[in-house]
Protein chains: 2
Amino acid sequence: MRSRAEVLEFSILGLLHDSPLHGYELRKRLTGVLGPFRAISYGSLYPALKDLQARDLIIQAAPDPQPVLTTKRARIVYELTGEGKEYFDQLVAAPGPDSWEDEPFAAHLAFFQRTPADVRMRILEGRRSRLEQRLATLRDSFTRAGERMDAYTERLQQHGLDSVEREVRWLDELIDGENRPDNRP
Amino acid sequence: MRSRAEVLEFSILGLLHDSPLHGYELRKRLTGVLGPFRAISYGSLYPALKDLQARDLIIQAAPDPQPVLTTKRARIVYELTGEGKEYFDQLVAAPGPDSWEDEPFAAHLAFFQRTPADVRMRILEGRRSRLEQRLATLRDSFTRAGERMDAYTERLQQHGLDSVEREVRWLDELIDGENRPDNRP
DNA sequence: TTCGTCATGTAATGGGTTACATGATTAC
DNA sequence: GTAATCATGTAACCCATTACATGACGAA
């Protein structure tokens, strides 16, 4: 689930798992999941819906039999099919290395309640080691650039390093929370 | 200077301002400037060099008249032309709203020593207000998503918010440093 | 002799956004 | 009446990476 398209697909499925939705509303919720800076465009969303439908993972819900007097514009409401549910559950339960990347990780988090506890742990720890690895790369390039590096750039890089370290600590708190029996995040 | 290509161009010019370099070495230094995760590819670099050359901002340096015995493969060393210098100085001195974005800001920082003090301040303060604005957007979408937001996602968003706040404080330190007469960053 | 790094380049491919087209509804 | 939001879609475009092509040098 590395590419934007796959994260999108996963998130759509996850959101429809809760309740049927139409595209426009879906986009707003997606923005809530991924954050306002990674909001996806309709140019991605609608084709994605089409694709999911073609694969029988979602279907257009039957239109309201009693159309309200105030017939808003025909909204196309989608809902999960059986296969769709299955597929999502499978994706949720089988996080691969790709899931440790920023966006996939955010998407996984968004559906953590419906993620089995052991899988949650795998995801958090996978993410953690991903960050650890990122730190190593950062430190490496830091020392490697070493001499030649301007003082300002150095401060920027150092700040970047600090940020990742903070994220590791943040993750540790989450992991801690998972380990406590009472389980309040 | 928003697009990757423009940041690249600016950075190449900035690096060549110090000393002539060939493509391969340029790429390594570029990676030092932008960080290992935004390293640019040769598929971007070489065409960019070609383009800069076509615009007479850089030229191929005359090959060493006394080829060393160990004639490594012919390396194409580029250096700035007069126009190139001028153009870079002009770019450095006229930071637009685009310069407050992540990558352009990093690029500007990399050449801060050769940036006039008043321009430095404009850049730092522009960046600061850009972050402030980002915070507003984040808080807005935070409260807007409000109710429906899962506890885990909320923690993620909160962490994102904290990170930006930290970056603002980091910037404030830099700004402070600029204001102190002794000026040690 | 083979692997890693040095070194330069191009073409194809992928991926997503922007811009455009269209129109209803609601609030001021 | 007019601006903002709701609502759905498509086509063109941008832009950068990936993959490929080519080859030399140094070390193990």
Side-chain angles (χ1 to χ4, degrees), chain A residues 1-12 20-31 34 36-54 58 60-61 63-64 67-78 98 101-104 140-141 144, chain B residues 1-12 20-31 34-54 58 60-61 63-64 67-78 98 101-104 107 140-141 144:
Chain A
M1 189 179 47
R2 163 163 275 124
S3 74
R4 216 122 164 61
E6 283 169 318
V7 172
L8 175 56
E9 199 173 86
F10 176 75
S11 306
I12 291 172
L21 293 168
H22 59 276
Y24 192 84
E25 177 65 22
L26 215 32
R27 191 187 108 111
K28 286 198 294 184
R29 308 231 181 160
L30 248 8
T31 303
L34 299 173
F37 301 123
R38 311 169 172 192
I40 56 117
S41 62
Y42 292 119
S44 301
L45 177 58
Y46 285 116
L49 287 172
K50 219 176 209 179
D51 184 63
L52 287 170
Q53 195 178 11
I58 65 178
Q60 291 181 24
D64 197 333
V68 193
L69 283 182
T70 61
T71 28
K72 306 222 171 215
R73 154 119 187 232
R75 302 192 295 186
I76 303 179
V77 173
Y78 292 94
D98 292 343
E101 301 305 320
D102 294 339
E103 295 200 6
D140 191 57
S141 100
R144 195 187 305 271
Chain B
M1 191 179 48
R2 163 164 275 124
S3 75
R4 216 124 163 61
E6 282 169 318
V7 172
L8 175 57
E9 199 174 87
F10 175 76
S11 306
I12 291 172
L21 293 168
H22 60 274
Y24 192 84
E25 176 65 22
L26 214 31
R27 192 188 109 112
K28 287 199 294 184
R29 308 231 181 160
L30 248 6
T31 303
L34 299 172
F37 301 123
R38 310 171 174 191
I40 55 118
S41 61
Y42 293 118
S44 299
L45 177 58
Y46 286 115
L49 288 172
K50 218 176 211 180
D51 185 63
L52 288 170
Q53 194 178 12
I58 64 179
Q60 293 181 22
D64 198 331
V68 193
L69 283 181
T70 61
T71 28
K72 304 220 173 218
R73 154 120 187 228
R75 304 190 295 186
I76 303 178
V77 173
Y78 292 94
D98 292 344
E101 301 304 321
D102 294 339
E103 294 199 8
D140 191 58
S141 102
R144 194 188 305 271

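Per chain, numbering begins at 1; letters A, B, ... match sequence-line order.
Atom CG of Asp51(A) and atom P of dG9(D) are 14 Å apart (whole Å). Whole-Å rounding puts the Leu26(B) CG to dG9(C) P distance at 12 Å. Between the OH atom of Tyr42(A) and the P atom of dA19(C) there is a distance of 16 Å, given to the nearest Å. Here the C1' atom of nucleotide dA11(C) and the NZ atom of Lys50(B) are 12 Å apart, to the nearest Å. Regarding Ile40(A), its CD1 atom lies at a distance of 12 Å from the P atom of dT18(C), rounded to whole Å. Rounded to an integer number of Å, the gap from Leu21(A) CG to dC6(D) P is 14 Å. When rounded to the nearest whole Å, the span between CZ of Arg38(A) and C1' of dT17(C) equals 17 Å. Atoms OH (Tyr46(B)) and P (dT18(D)) sit 16 Å apart, rounded to a whole Å.
Both Arg4(A) and Pro47(B) lie close to DNA chain C; mapped to their nearest nucleotides by heavy-atom distance, the more 5′-ward contact belongs to Pro47(B).
Side-chain contact check for His22(B) versus Tyr78(B): every heavy-atom pair is 4.5 Å or farther apart. The shortest distance between side-chain heavy atoms of Leu49(B) and Tyr46(B) falls below 4.5 Å. In this structure, the side chains of Val77(B) and Glu25(B) stay at 4.5 Å or more apart for every pair of heavy atoms.
The side chain of Tyr24(B) lies closest to dC6(C) when the candidates are dT17(C), dG9(D), dC6(C). Candidate nucleotides dT18(D), dA7(D), dG16(C) were compared by shortest atom distance to the side chain of Ser44(A), and dG16(C) ranks first. Here the side chain of Ala5(A) is nearest to one of dG16(C), dT18(C), dA16(D), namely dG16(C). When each of dG9(C), dG9(D), dA7(C) is scored by its nearest atom to the side-chain atoms of Tyr78(B), the top-ranked nucleotide is dG9(C).
The phosphate of dT5(C) has neither OP1 nor OP2 within less than 4.0 Å of any side-chain N or O from Lys28(B).
Summarising the geometry of Ser41(A) relative to Arg27(A), their closest heavy-atom pair is CA-NH1, 3.9 Å, with the distance given to 0.1 Å.
Residue Gly43(A) is in base contact, counting any heavy-atom pair closer than 4.0 Å across all strands shown.
In this structure, the side chain of Glu6(A) engages the main chain of Ser3(A) through a donor-acceptor pair within 3.5 Å.
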